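When a ligand or atom number is given, it counts from 1 through the structure's own listing order. A quick note: this is a predicted structure, and the numbers were derived from the prediction, not measured.
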Amino acid sequence: MATVENFIAGLNKALEWEYAAAVQYVQHAAVITGPEYDAISKELVVHANEELAHAITVAEAISDLGGIPSIEVEKRDIAKDAVTMLEQDLAGEEHAVRMYKGLIRIAEELQEYGIRRILEDILIQEEEHRRDLLSSLGR
Ligand SMILES: [Fe+2]
Ligand SMILES: [Fe+2]
């Protein structure tokens, strides 16, 4: 059975992944230069800003629940070639989608409907990010 403590711990893990995603997108956007990647680079900057916005929102939710938001950063991935970078970003988004679905289930169980809605809004953006990356990879 879910507890507020479990929920805070899960949200803090999500926060650490959001920081990592923002850092990874900043790095990839800067490195993935070249005419064919110009539009994709701009898209990665948009993603970086959205991941930071997610981090701010999740940190506020943690604080509202009585927790202390983490300042740890999860694992980042970098690569030398563009396709590997985009694959790394896609893997991150697939992880984020799974993570938020789990957190939404816990919010529901705890009847934290306000936070559930905030998490659903983040999930919608993670799914958009995943679609953007699939399209950038030509899938
Ligand atoms: Fe995010
Ligand atoms: Fe994302």
Parallel, tilted or perpendicular: rings of W17 and H95 (30°, 60°):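 Tilted: the ring planes of H95 and W17 meet at 30° to 60°.
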K13 with E16: basic N within carboxylate O range, under 4.0 Å: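 Yes.
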Carboxylate-amine/guanidinium contact D121 R117, below 4.0 Å: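 So D121 does not pair with R117 through a salt bridge.
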H54 near the Fe ion (ligand 1): N/O/S under 2.8 Å: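 Within the cut-off used here (under 2.8 Å), H54 does place an N, O or S atom near the Fe ion (ligand 1).
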From CA spacing to verdict: side chain to side chain contact (heavy atoms under 4.5 Å, CB included), H54, E126: CA-CA 10 Å; H54 296 166; E126 307 300 12; 3.0 Å; yes
Evaluation steps, salt bridge (charged side-chain N to carboxylate O under 4.0 Å, His left out), between K75 and D77: CA-CA 7 Å; K75 190 173 142 287; D77 288 310; 3.2 Å; yes
Angle subtended at the Fe ion (ligand 2) by OE1 of E93 and OE1 of E126, nearest 10°: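 Value returned, to the nearest 10°, is 90°.
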The Fe ion (ligand 2) - closest N/O/S atom in H129: ND1
Contact flag E50/the Fe ion (ligand 2), N/O/S atoms, threshold under 2.8 Å: no
Of the N, O or S atoms in E51, the one nearest the Fe ion (ligand 1):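 Checking each N, O and S atom of E51, the shortest distance to the Fe ion (ligand 1) belongs to OE1.
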